[in-house]
Amino acid sequence: MASRLMEPEQIAAMNAAVVPRLRMPARATVFGERAARLQQLADNSTIGDYLRFVARLVGAQQTLLAEFETPMPSAESIAVAQRHSMPVLPAMGARPPLWRDVLSRLLDLMAADTLPPPLQALIAQVRGLDGEALEQLADAVLNAQSGGSARGVDPASAPFVMAALQVVWTDLASRLAPAEVPYLDTPGHCPCCGSLPVASVVRIGGVYQGYRFLQCGLCATEWHMVRIKCSHCDSTEGIAYHGIEGTSDALKAETCDHCGTYRKIVYLEKDMNGEAFADDLASLPLDLMVTEAGFKRSSGHPFLWQAEQDEDDQEAQGRQATPGTSDRQGT
Ligand SMILES: [Zn+2]
Ligand SMILES: [Zn+2]
């Protein structure tokens, strides 16, 4: 009997079985592991106090993940999103009001710590904002995190607002099955919520071994992307990897000559404790080096925001090609 050739759908299904497309956030550990990594990185850092503060904020996020459970979108709205290749947990649009309760508890947990007076004042200031002001701040950070303008973002309060939103979206994403998440037409964005990634991680172990994933800056979902490819413009040419000599080779900046941007990439085979969000935040000297070489970040770190006057400029430059120089290090 003649054997039948495989249909394209069957081939795609086979590939999907080999390469895991998505890695949903592990509810019990996602923020706890990030906090531990930040603590670890703080020990050898010139910005150690700042990283320890962020570690406390992220540790509080893990605590809140155990306290809150946001109602899932209806089965109907999930089905509509699947039919239209839209994010099932869209960052933009209606928001679960619960996020403001999460923020309030987050501020309680932070205020209970001994903090320097300027941070205490900042927490008091965020606590004093009314519901409308908070919703406007949330709109602004989520718009920027989805690739839009950062207009209206207050850099000082944004990390707290973002931290509360991350708890809500990570909670929801952790309860989704990969099969429920449709393929989107916008490959550079998180398939779950439509936000931009923070950085890449090349994973080790089991079905993830050797595969590169992009980590969402909002819901912490990771999605597979082939290696040596720009995560901003999809170019497979003109990709280079830069590291700082004398530092760990577990972290590089992946630059693209085609669009002139970069994102960092963490190699767990070189350091199994690496974590995209934490390692990105703790490696500002690497940003400085590749920025001096002419590259722009393809998206900002969710906890680091620029003052308002830079936005238009930053936004325009982030999407325009700036050819790289030949001043390269690393591989
Ligand atoms: Zn996401
Ligand atoms: Zn590119």
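Order of listing sets the numbers, starting from 1, for every ligand and every atom in it.
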Residues Arg100, Glu135: salt bridge by 4.0 Å N-O rule: yes
Angle subtended at the Zn ion (ligand 1) by SG of Cys193 and SG of Cys190, nearest 10°: 110°
At the Zn ion (ligand 2): angle between Cys230 atom SG and Cys233 atom SG, to 10 degrees: 110°
Salt bridge present between Asp101 and Arg105 (N-O < 4.0 angstrom): no
Ring center gap for His232 and Tyr262 short of 6.0 angstrom: no
Arg263 and Asp280 ion-paired at < 4.0 Å: no
N, O or S atom of His232 closer to the Zn ion (ligand 2) than 2.8 Å: no
N/O/S from Cys192 sitting under 2.8 Å away from the Zn ion (ligand 1): no
